[in-house]
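Data block below; observations after.
What you see is a predicted model; the values in this text were computed from it and never measured. Whatever order the structure lists ligands and atoms in, that order sets their numbers, starting from 1.
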Amino acid sequence: MLPALSSPGPELVAKLPEPRPIITPPPHVIVTPPESPLVLTAAIVGAEVTRAHTPHLPITAQELADEAARCRDAGAAVIHLHVRNADGTPSQSTELFGEAISRIREKTDVIIQTSTGGAVGMSVEERLGPLACKPEMATLNCGTINFGDDIFVNTRPDIRAIARRIREAGSIAELECYEVGHIHEALALLKEGLLGAPLHFQFVLGVPGAIMPSEEVVLFMRSQIPAGASWAVAAVGRYQKPMTELAIKLGGHARVGLEDNIYLEKGVLSEGSAPLVARAAAYARSLGREIVDPDRARVLLGIPTTAA
Ligand code: KMH
Ligand code: ZN
């Protein structure tokens with residue numbers, strides 16, 4: 001005979017577990033800070049991408065200038081600049097930077113931020129070539145990382161030497177942080193008097209061998225920077241679009257471009273960096289963020305306008 005379903009025996013009732021309280025996680029809402037002007041940076045060439053990867057890579061000074069102007073029209077206020085030799089290999093030559101900078105200056109009023117990172121394997125002295133052009137901004141890489149299968153070496157003495165040289169050139173440093181510890185290194189430089197406030201951080205996310213992109217990572221990195229500092233996200237490859245959008249939502253700045261990502265969509269090459277800038281700008285406008293022009297960006301970043 002089947003047991004009655006409605007009335008389990010007393011021994012069965014006694015074995016049922018205590019009901020657990022239902023815990024509802026707090027709602028996850030991102031509120032874009034109002035009144036937060038957005039500085040978009042275009043990294044138009046870099047040191048690693050080649051014409052074999054994409055035919056849309058600018059190489060000559062004229063191509064770099066044309067691309068810088070297109071990116072400015074699309075909403076970029078800053079051009080993160082590397083240069084190439086005629087054969088496409090990366091260079092940190094003062095002369096090539098000088099040529100590219102003057103061609104860019106003929107066409108557009110963007111802030112030019114020269115790389116002091118160059119390419120892996122370059123000596124520190126070689127990397128500092130563009131500082132002789134006294135750029136408005138220059139990158140300061142704040143630590144050593146595995147960079148794919150290579151090592152991007154930035155020893156603590158080297159970082160300090162580069163910081164001094166950036167200051168001597170009259171340039172504003174952008175602090176490239178590929179790991180959380182790099183932020184702490186930048187804070188040490190501030191304490192040592194090698195950097196002046198406000199600091200400008202670039203969280204570079206997704207380099208194979210360094211920190212990977214996620215919302216938690218961005219929130220944590222942001223939590224480590226001092227009040228008054230600015231921050232931006234540059235994410236690599238397929239992470240570029242979602243991390244750019246996250247940074248824009250969170251009130252940060254953003255960098256896009258072929259240096260970090262050559263695709264507009266999966267399998268669709270971006271025809272230069274300008275379409276990537278235009279897409280980021282459209283997203284920002286949809287959230288009501290103001291995209292600033294170079295002159296306003298100069299004020300926000302503390303760049304003396306006389307040097308422009
Ligand atoms: N090309 C990378 C090894 C920078 O521009 O300061 C370093 C880099 C960083 O691109
Ligand atoms: Zn770079």
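- Residues that satisfy the salt bridge (charged side-chain N to carboxylate O under 4.0 Å, His left out) test with E174, not counting sequence neighbours, are absent from this structure.
- Looking from atom 6 (O) of ligand 1 to the surrounding protein, the closest heavy atom is T139 OG1, 2.6 Å.
- When every heavy atom of L64 is checked against every heavy atom of A100, the shortest pair comes out as CD1-CB, 4.0 Å.
- The contact set between ligand 1 and H82, taken as ligand atoms under 4.0 Å from a residue heavy atom, comprises 5 (O), 10 (O).
- Under a 4.0 Å N-O distance rule, the pair E265/R279 qualifies as a salt bridge.
- At a threshold of 4.5 Å between side-chain heavy atoms, the hydrophobic network of Ile, Leu, Val, Met, Phe, Trp and Tyr places I225 and L194 in one connected group.
- If you number the atoms of ligand 1 from 1 as listed, the ones under 4.0 Å from a heavy atom of G117 come out as 4 (C), 6 (O).
- Closest to atom 5 (O) of ligand 1 among all protein heavy atoms lies S115 OG, 2.7 Å.
- Using a cutoff of 4.0 Å between basic side-chain nitrogens and carboxylate oxygens, R285 and E290 are not scored as salt-bridged.
- Close approach to G118 involves these atoms of ligand 1, each under 4.0 Å from a residue heavy atom: 1 (N), 2 (C), 3 (C), 7 (C).
- Under the 4.5 Å side-chain heavy-atom criterion for Ile, Leu, Val, Met, Phe, Trp and Tyr, I291 and I44 are members of the same hydrophobic cluster.
- Tally of protein N, O or S atoms closer to the Zn ion (ligand 2) than 2.8 Å: 3.
- Given atom 3 (C) of ligand 1, the protein heavy atom at minimum distance is E48 OE2, 3.5 Å.
- For atom 10 (O) of ligand 1, the closest non-hydrogen atom on the protein side is E259 OE2, 3.0 Å.
- Those atoms of ligand 1 that come under 4.0 Å of a heavy atom in F152, given as number and element, are 3 (C), 7 (C).
- Screening residues 208-243 for ring pair (Phe, Tyr, Trp, His ring centres under 6.0 Å), with sequence neighbours left out, gives F203-W231.
- By the 3.5 Å distance cut-off applied to N or O atoms, Y178 is not counted among the residues near ligand 1.
- Looking only at distances, no side-chain donor or acceptor of T114 sits under 3.5 Å from a matching main-chain atom of P135.
- Listed by first and then second residue, the ring pair (Phe, Tyr, Trp, His ring centres under 6.0 Å) pairs involving residues 73-118 are H80-H82 (not counting sequence neighbours).
- Partner of I159 under the side chain to side chain contact (heavy atoms under 4.5 Å, CB included) criterion, out of T144, V124, L189: L189 alone.
- Checking only distances, E176 never comes within under 3.5 Å of ligand 1, N or O to N or O.
- Side-chain atoms of E176 and H182 form no donor-acceptor pair, as typed in the model, at a separation below 3.5 Å.
- Atom numbering of ligand 1 starts at 1 in the shown order; those under 4.0 Å from a heavy atom of H80 are 4 (C), 5 (O).
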